[in-house]
Amino acid sequence: MEKKRLLTGDRPTGRLHLGHYVGSIQNRVKLQDQYECFFFVADLHMLTTKKEKEDIIASRSHIKEMVLDYLSCGIDPKKSTIYLQSAIPAVYEMNLFFEMLVSMNRLQGLPSIKEMAKNAKMDIETIPFGLLGYPVLQTADILLPKAHVVPVGKDNEAHIELARDVARRFNQLYGDFFPMPEALLGEVPTLIGTDGQGKMSKSAGNCIFISDDAKTVEKKVKAMYTDPNRIRADVPGTVEGNPVFAYLDVFDIDKAAVDGLKVRYRQGAVGDVEVKEQLIQALNTFLKPIQERRREIEMEEGLVEEILYDGTLKMVEYGNETLKAMKSQMGLSGTWNKISRLARDRKSKGL
Ligand code: ATP
Ligand code: MG
């Protein structure tokens, strides 16, 4: 039986961080055998907020880092297709068709768009058309290989809902064609940042990266926010919402030790230093094998490029096939086919 398809992507705005890992990468690695997987470098999505030439040039090194992150976390290019979004012509065309199926209102109501407008210090009326429309482009990404499942963080859940609406609308208008994609949230749908303020995000500068070495992890953890109301180690502290404990819950495999620390923290019987030491240990233990694998892969010159090249070529084909079938279902290819036939006939007769 044909496997169901899974797709997701990341913007090449920097290296991947722990939020990506728990929000999405973990599921990708886990589901690689069960699904036919597609992972892409979302360099067109990068342009929605970073379009200066320097940003585009800088993204080249991020692309390499990101793919290294994928591979070191266990994404296997023999099982999964890894590709570069901007090199797939069908994505641009599909985006246009889908733009006809979504209202401005629907896009303006998305919390993520409001948030991005706020971050860009613009309001919803003055943001670029492409930023407002980026969830439509995301729909094109998802529907290009007719994906069934999209592993994403919580912030992206509403976009998958939109992709479903578009797929449904397309099927209503032109007949059954796309499956209804489902969001698959990670073990931790939103990982908080080291500042304890909001989600871990490259643009917020509150990240621990998957490729951060042991010393960097130590430095970042030592500078982390804990319970702001706790001024001394003998004052009872709050575990809930405390990012140090949030990370311990996810990354420390010694659950009993974490529970013990929580009890003592609530009693005011342990200092931040000891809790942070535990976290530094846990994170470095978690990251060590990933980073060892990364170093091995880094030694193989040209490997990342070869993987991206093969995956992208495969996807160009795949995308063209979907697009061709889609246009035919829409009744859009008939006109051009007829024109071509008549013109060729005439030419062949030498008229
Ligand atoms: P940027 O600041 O450039 O937007 P980002 O760090 O927010 O970067 P994205 O590339 O926007 O990362 O997100 C890629 C994927 O990772 C998405 O599926 C997103 O939902 C998920 N993700 C990102 N940050 C987190 C997080 N802190 N917790 C859980 N999932 C996350
Ligand atoms: Mg983001």
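One-based numbering, in listed order, for ligands and for the atoms of each. Everything quoted here is computed from the prediction, not taken from an experiment.
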- Query: Under the ring pair (Phe, Tyr, Trp, His ring centres under 6.0 Å) criterion, do Tyr134 and His159 qualify, and how do the steps go?
  - Reply: CA-CA 9 Å; Tyr134 102 88; His159 296 174; 5.2 Å; yes
- Could you go through the salt bridge (charged side-chain N to carboxylate O under 4.0 Å, His left out) check for Lys219 and Asp212 one step at a time? CA-CA 10 Å; Lys219 213 171 99 201; Asp212 276 344; over 6 Å; no
- Query: Stepwise, does the side chain to side chain donor-acceptor pair (under 3.5 Å) test hold for Thr126 with Asp123?
  - Reply: CA-CA 6 Å; Thr126 57; Asp123 57 51; 3.3 Å; yes
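Within ligand 1, the atoms closer than 4.0 Å to a non-hydrogen atom of Met200 are 24 (N), 25 (C), 26 (C), 27 (N), numbered from 1 in the order shown. Counting atoms of ligand 1 from 1 in the listed order, those under 4.0 Å from a heavy atom of Gly23 are 29 (C), 30 (N). For ligand 1, the atoms sitting less than 4.0 Å from at least one non-hydrogen atom of Asp10 are 14 (C), 15 (C), numbered in the order shown with element in parentheses. Under a 4.0 Å criterion applied to the non-hydrogen atoms of Asn156, ligand 1 contributes the atoms 17 (C), 18 (O), 19 (C), 20 (O). Counting the atoms of ligand 1 from 1 in the order shown, those under 4.0 Å from a heavy atom of Ser203 are 1 (P), 2 (O).
In this structure, Pro189 has a heavy atom closer than 4.0 Å to ligand 1. In this structure, His17 is part of the shell of residues with a heavy atom less than 4.0 angstrom from ligand 1.
Using cut-offs of 30° and 60° for the angle between ring planes, the Phe251 and Phe286 rings count as tilted.
Annotation: Thr190 places no N or O atom under 3.5 Å from an N or O atom of ligand 1; distance criterion only. Between Gly153 and ligand 1, an N or O atom pair is found at a separation short of 3.5 Å. Between Ser201 and ligand 1, an N or O atom pair is found at a separation short of 3.5 Å. Ligand 1 has a nitrogen or oxygen under 3.5 angstrom from a nitrogen or oxygen of Lys199. In terms of polar-atom proximity, Gly9 is not counted as a contact of ligand 1, lacking any N or O under 3.5 Å from an N or O of the ligand. Of the polar atoms of Leu191, at least one N or O is found under 3.5 Å from an N or O of ligand 1, judged by distance alone. The distance criterion of under 3.5 Å between nitrogen or oxygen atoms is met by Gly19 with respect to ligand 1.
The structure places CD1 of Ile280 at 9.0 Å from NZ of Lys215, a figure rounded to the nearest 0.5 Å. Taking CE of Met116 as the start and OG1 of Thr49 as the end, the distance is 5.0 Å to the nearest 0.5 Å.
Between Glu161 and Arg164, at least one side-chain N (NZ, or NE/NH1/NH2) sits under 4.0 Å from a carboxylate O, which counts as a salt bridge. Ion pair Asp10/Lys202 not flagged as a salt bridge, since none of the NZ, NE, NH1 or NH2 atoms sits closer than 4.0 Å to an Asp/Glu carboxylate oxygen. Between Lys324 and Glu93 there is no salt bridge, since no side-chain N of the basic residue sits under 4.0 Å from a carboxylate O of the acidic one. Classification of Glu65 and Arg294 as a salt-bridged pair holds, one side-chain N sitting under 4.0 Å from a carboxylate O.
Here Thr13 has side-chain heavy atoms under 4.0 Å from ligand 1, and that is the only part of it that gets that close.
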